[in-house]
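Only one structure is covered here, and it is reproduced in the block below.
Atom set for the values below is all heavy atoms of this structure, side chains included, hydrogens, waters and symmetry mates excluded. Throughout, a chain's letter reflects where its sequence line sits, starting with A, and its residues are numbered from 1.
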Amino acid sequence: MKSILQAIKEAFATAINAMLPEGVERPVPQIIETAEKKFGDYQSNIAMGLARLIKKPPREIAQDLVNRLKLSDVCEKIETAGPGFINLFIKTESLERFLKTIQADPRLGVTVDPEIVHHVIDFSSPNLAKEMHVGHLRTTVTGEVISRIIEFKGHTVERVNHVGDWGTQFGMLLQNIFENHPDVIDAPQNFVVSDLEKFYKEAKQRFDNDAAFAEKARDKVVLLQSRDATALKIWRAFVNESLRHCHALYKIMGVTLKDVGESFYNDRLPLIVEELKNKGLAVTDQGAVCVFLDGYKNRDGEPLPMIIKKSDGGYNYTTTDLAAIRHRILDLGARRLIYITDIRQAQHFEMFFKLARIIGWAGHDVTLNHIGYGMVLGPDKKPFKTREGGTVRLKDLIHEGIERSRALMLEGNADTENTRVRSFSAEKILDIATKVGLAAIKYSDLCHNLASDYVFSWDKMLAMDGNTGPYMLYAYTRIMGIGRKAGININHTPLDTPLVLAHPTEIALAKEIARFSDVIDDVAITLKPNTLTDYLYGLAKAFSSFYDKKQGVPVLDSQPESTRQSRLLLCCLTARTLKLGLNLLSIDVVEEM
RNA sequence: GCGCUCAUAGCUCAGUGGAUCAGAGCAUCUGGCUUCGAACCAGAGGGUCGGGAGUUCAAAUCUCUCUGGGCGCGCCA
């Protein structure tokens, strides 16, 4: 089913096609929302661009274009204005028609892409033997959301947790265990993630300050590589314990991931180096096997290498990433790969993508995306830390969010004027507080532009007003409250329910609901979740105006019955859109709060 | 030194392949509940979009330059 915007775009494309001579490339009709209502709902500025292709004044072209548009079903009127703007006013009946169509559609008008593309989305990917911390929040939440949206558009998605389960940090850990914690050797499975964290910190400290220790630590990587039984036993226990810890958090967060750690590629690494050598792309430099790409320089202006085999014979992340991308494209059949990491790794991905293309693994039919996100900052605009200056553990962050949200509910509980919360049981409060707390954390992360750093603030994210997770859930529960009173199921409204849009707030709300599929299509391409949060916030605002006693219209109390049903239907469509939109954002709604 | 990135209202942030693009929330002020969920709504004030130059009919958006942050730059990921 076509959205109103799609119908307009197609009509423009057809008209433009007829206006241009053969052989001239057709410009994409850019239809955008107008900034001001008096200029209509949508506008096109294409006439100014066409003026260069057709040697006529833009205003004349605009009028010619308008005359050719076959949009009488969709638009009330189409005007030309200014230097050649085309302003389109949507016909209320076409809105009513479209909303009635999506009423019957569980997907609310979101179409499935005609061509299914197999995706591998790489996100979260923590280093093991350490607890997950606030730095893993954005990649994990964003990755889950992007996966959900792309899946919703009908594509197949493998969500891959490329965990750091090999390499230097395990060498460090092993060396530290052998030297300082021999008790671990016999029963490594008895230690929990906080122990591992402690071992790691000790090891890291020594690794950075003690060259002899670092040397031995590197030897332990080789030991591991050679399948030494003791080393493997400790390694396996530590990996299992770390993954158990990660998945406990993923479960709370509603995140699904398949673990395919770096160790998975071990056997392939020598083959990768061989392949690069054979193709003449790798050379040995200062004892290390390197690939030099044009255009990259180091501090001293020398060519910057990608090291694929270290001088001590070990491999590092570039080689593993290469093995992984080769596997994903050639073995798993991925045609689009998305990596979600912090922006500091941008140059690595740029080089590594370039190399994947040069080798020929990633052909023209493969899309490679690196989504780099900014840092989560504390109030001092420095990376977010605990008061003591330590790293904020993800587990603590989540629990604090839930706890704060519960405290806010209990506060409401003590409010004698608020009869609703008071009737909740302790279990109910905990359940709601958990969902609200998680919604607050996730939403505050998702509503910012990915590329920018943002300042973390409990008070802001838990605020019930403004563009926050709790506000969105509140907006949803309000509608659920209306539905309960009316005795209706939002998902099963009778298809013969009348829909008549008359009041300005009804029309404004209907227009927002109608945009949903366009927004999802946009996010599926741009991979910017904050576009979706902005939309949902606007939808919730439109609903509040519609439902306002002064500005809006009565719903439950309205007469005649057909009007009441029509308005209830608008409530249902709003609620369904909020719920579906929030679910795509990995946020669970609550029925009341 | 080279490269990338950011600078928008008092604060936190959207918008950034042009026009009808100066926006939202918070904070401040004004108005609206004898309960259709006011955890809300309506409105006001507040910014020469870091400075400068250029391209264009049109620049917060593109180019150049300057200033000031952040980050990356050979055996970490």
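- Under the salt bridge (charged side-chain N to carboxylate O under 4.0 Å, His left out) criterion, A:E202 pairs with no residue, sequence neighbours left out.
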Pull out every protein N or O sitting under 3.5 Å from an N or O of nucleotides 25-33 of chain B, one pair per line with the distance.
unit_1: B:rG25; atom_1: OP1; unit_2: A:K541; atom_2: NZ; d: 3.1
unit_1: B:rG32; atom_1: O2'; unit_2: A:K550; atom_2: NZ; d: 3.2

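- A:V553 comes within contact range of at least one nucleobase, with a heavy-atom separation under 4.0 Å.
- Across the protein-nucleic acid pair, A:E33 atom CD and B:rA24 atom P stand 15 Å apart, rounded to whole Å.
- Across all strands, A:V555 comes closer than 4.0 Å to base atoms (heavy-atom distances).
- At B:rG15, one or more side-chain N or O atoms of A:N449 fall inside 4.0 Å of OP1 or OP2 (strictly under the cut-off).
- Here the C1' atom of nucleotide B:rA42 and the NE2 atom of A:H503 are 13 Å apart, to the nearest Å.
- In the model, A:H370 has a side-chain atom that pairs as donor or acceptor with a side-chain atom of A:T341 under 3.5 Å.
- Dashed line: the shortest gap from a side-chain N or O of A:K37 to OP1 or OP2 of B:rU20 is not under 4.0 Å.
- Here A:D548 does not pair with A:K550 in a salt bridge; the nearest charged N to carboxylate O distance is not below 4.0 Å.
- The side chain of A:K528 approaches B:rU16 more closely than any other nucleotide in the set B:rA19, B:rU16, B:rA38.
- The side chain of A:Y547 places no N or O atom within less than 4.0 Å of a non-bridging phosphate oxygen (OP1 or OP2) of B:rC41.
- In this structure, A:N530 reaches the sugar-phosphate backbone alone: every heavy-atom distance under 4.0 Å involves primed, P, OP1 or OP2 atoms, never a base.
- Using the Watson-Crick or G-U wobble rule with both distances under 3.5 Å, B:rU63 pairs with B:rA53.
- The residue A:R59 sits apart from the nucleic acid: no heavy atom pair falls under 4.0 Å.
- Atom CG of A:L293 is separated from atom C1' of B:rG3 by 15 Å (rounded to the nearest Å).
- B:rC6 atom P lies 13 Å from atom CG of A:L450, rounded to whole Å.
- Atom CG in A:D453 sits 9.5 Å away from atom CG in A:D342 (nearest 0.5 Å).
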Using distance only, find each side-chain donor-acceptor pair of residues 554-564 of chain A under 3.5 Å and give its atom names and separation, not counting sequence neighbours.
unit_1: A:S558; atom_1: OG; unit_2: A:V555; atom_2: O; d: 2.7
unit_1: A:E561; atom_1: OE2; unit_2: A:Q565; atom_2: NE2; d: 3.3
unit_1: A:R564; atom_1: NE; unit_2: A:L556; atom_2: O; d: 3.0

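- Aromatic rings from A:Y537 and A:Y471 are positioned such that their centres are separated by under 6.0 Å.
- Between A:E33 and A:R515, at least one side-chain N (NZ, or NE/NH1/NH2) sits under 4.0 Å from a carboxylate O, which counts as a salt bridge.
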Exercise. How does protein contact run along nucleotides 68-77 of chain B, one letter per nucleotide 5' to 3', with B for base contact, S for sugar-phosphate only, - for none, heavy atoms under 4.0 Å?
Worked result: --SSSBBBSB
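- Remark: C1' of B:rG17 and CD1 of A:I46 are 13 Å apart, rounded to the nearest angstrom.
- Base contact: A:M48 has a heavy atom under 4.0 Å from a base atom.
- Contacts of A:D312 classified as salt bridge (charged side-chain N to carboxylate O under 4.0 Å, His left out), with partners at least two apart in sequence or in another chain: none.
- For A:Y339 and A:F353, the distance between ring centers is under 6.0 angstrom.
- When heavy atoms are screened at a 4.0 angstrom cut-off, A:A51 is found touching no nucleic acid atom at all.
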Tabulate below the donor-acceptor pairs under 3.5 Å that side-chain atoms of residues 292-307 of chain A make, not counting sequence neighbours, or state none.
unit_1: A:Y296; atom_1: OH; unit_2: A:E350; atom_2: OE2; d: 2.6
unit_1: A:Y296; atom_1: OH; unit_2: A:K354; atom_2: NZ; d: 3.1
unit_1: A:N298; atom_1: OD1; unit_2: A:D300; atom_2: N; d: 2.9
unit_1: A:N298; atom_1: OD1; unit_2: A:G301; atom_2: N; d: 3.2
unit_1: A:N298; atom_1: OD1; unit_2: A:E302; atom_2: N; d: 2.9

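- Residue contacts shown for A:K381 are limited to sugar-phosphate atoms, with no base heavy atom under 4.0 Å away.
- Among the heavy atoms of the strands lying under 4.0 Å from A:N45 is at least one base atom, whether or not backbone atoms are also near.
- Whole-Å rounding puts the A:F546 CZ to B:rC40 P distance at 19 Å.
- Comparing A:A451 and A:G481, the nucleotide of RNA chain B nearest to each residue sits closer to the 5' end for A:A451.
- Distance CG (A:D445) to P (B:rU12): 18 Å, rounded to an integer number of Å.
- Taking atom C1' on both nucleotides, B:rG70 is separated from B:rG10 by 23 Å, rounded to a whole Å.
- Comparing the same atom, C1', in B:rA42 and in B:rU48 gives a spacing of 30 Å after rounding to whole Å.
- One can place CG of A:D522 at 13 Å from C1' of B:rG15, the figure rounded to the nearest angstrom.
- Of the side-chain N and O atoms in A:Y471, none sit less than 4.0 angstrom from OP1 or OP2 of B:rG37.
- Here B:rC75 sits opposite no nucleotide as a Watson-Crick or G-U wobble pair (both hydrogen-bonding atom distances under 3.5 Å).
- With a cut-off of 3.5 Å on both pairing distances, B:rC33 has no Watson-Crick or G-U wobble partner at all.
- For A:H162 and A:F123, the gap between ring centers reaches or exceeds 6.0 Å.
- Side-chain atoms of A:N449 and A:N530 include no donor-acceptor pair closer than 3.5 Å.
- Checking A:F456 against A:D557, the closest nucleotide of RNA chain B that is more toward the 5' end is the one next to A:F456.
- Using N1 to N3 plus N6-O4 or O6-N4 for Watson-Crick, or N1-O2 and O6-N3 for G-U wobble, each under 3.5 Å, B:rA27 pairs with nothing.
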